[in-house]
Amino acid sequence: MNRGRLVVFEGVDGSGKSTQLGLLAEQLRESHLAPIVTKEPTDGRWGRKIRAMARSGEVIAPEEELRWFLEDRREHVEKVMRPGIEAGRIVLSDRYYLSTVAYQGARGFDPQALLAQAEAEFPMPDLALIFELDPEAGLARVQARGDAAEPTFEEAGFLARVAAVFRALDRPYLARIDASRPIEAVARAVRETVRERLAI
Ligand code: TYD
């Protein structure tokens, strides 16, 4: 059986990655490729803990926050990602370890060290799409769609640092998408990038 693929969607809050993941998933289904659609934080116990913390605006120690994201990812990789990839499926994940590198990097951890640890422990994505958008524009989108606010992460100064880490990342599996354009234009860029990079 063919090994599957792991495609991850990364970027600041409001960059449109979730919408684009949904659109790509739909196109793949139309081509009978039956993707597995998943996300981090997950809906498991660690993910629920993280979301409750983010919505309350509670500030926990950065070490503790990092540990929760890593525990959540361990479960996610073992239960969803590895089995999916090994079964030959295309796994699409809304966020993965580059979010830890960028967000926990913005909390003060060394982004290069976080990246090295992540690559040593977790499967590397076949493709990581980074949706690039000015973080202020992202925040405005989040507010306009009326999502539950997550004050722990959605703060302008913090998100500016997150965006700076995303901009500085350099990996062969990474592709940048200009997310400031209309949804359809971004969707075309995603489709094209997936075709070029993965031949699917
Ligand atoms: P988000 O994608 O906004 O999830 P939802 O829309 O379901 O609430 O993720 C929640 C926040 O968690 C987001 O602001 C980014 C942050 N985050 C990290 O700080 N580190 C990580 O490793 C991940 C996966 C997310």
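Atoms within each ligand, like the ligands themselves, are counted from 1 in listed order. The residues of the chain are indexed from 1 along the displayed sequence.
Taking only non-hydrogen atoms, the option from R95, Q104, K17 nearest to atom 1 (P) of ligand 1 is R95.
Inclusion of D13 in the set of residues having an N or O under 3.5 Å from an N or O of ligand 1 is warranted.
A salt bridge links E40 and R73; the closest N-O separation between the charged side-chain nitrogens and carboxylate oxygens is under 4.0 Å. The existence of a salt bridge linking E64 and R67 is confirmed by a sub-4.0 Å separation between a basic side-chain nitrogen and an acidic carboxylate oxygen. Salt-bridge annotation for R3 and D126: present, with a side-chain N of the basic residue lying under 4.0 Å from a carboxylate O of the acidic one. Salt bridge absent: E184 and R188 never bring a charged side-chain N and a carboxylate O closer than 4.0 Å. A salt bridge links R51 and D43; the closest N-O separation between the charged side-chain nitrogens and carboxylate oxygens is under 4.0 Å.
Counting atoms of ligand 1 from 1 in the listed order, those under 4.0 Å from a heavy atom of R73 are 22 (O), 24 (C).
F9 and F131 have parallel rings, their planes meeting at less than 30° on a 0 to 90° scale where 60° marks the start of perpendicular.
Using a 4.0 Å cutoff on heavy atoms, E154 does not count as a contact of ligand 1. At least one heavy atom of P41 sits less than 4.0 Å from an atom of ligand 1.
Nearest protein heavy-atom neighbour of atom 25 (C) of ligand 1: F69 CE2, 3.4 Å. Of the protein's heavy atoms, E150 OE2, 2.6 Å lies nearest to atom 8 (O) of ligand 1. Looking from atom 22 (O) of ligand 1 to the surrounding protein, the closest heavy atom is T100 OG1, 2.5 Å. Nearest protein neighbour of atom 5 (P) of ligand 1, counting heavy atoms only, is R51 NE, 3.8 Å. Protein heavy atom closest to atom 11 (C) of ligand 1, with residue, atom name and distance, is F153 CD1, 3.6 Å.
No cation-pi contact links R74 to F69, judged by a cut-off of 6.0 Å to the six-membered ring centre and 45° from its axis.
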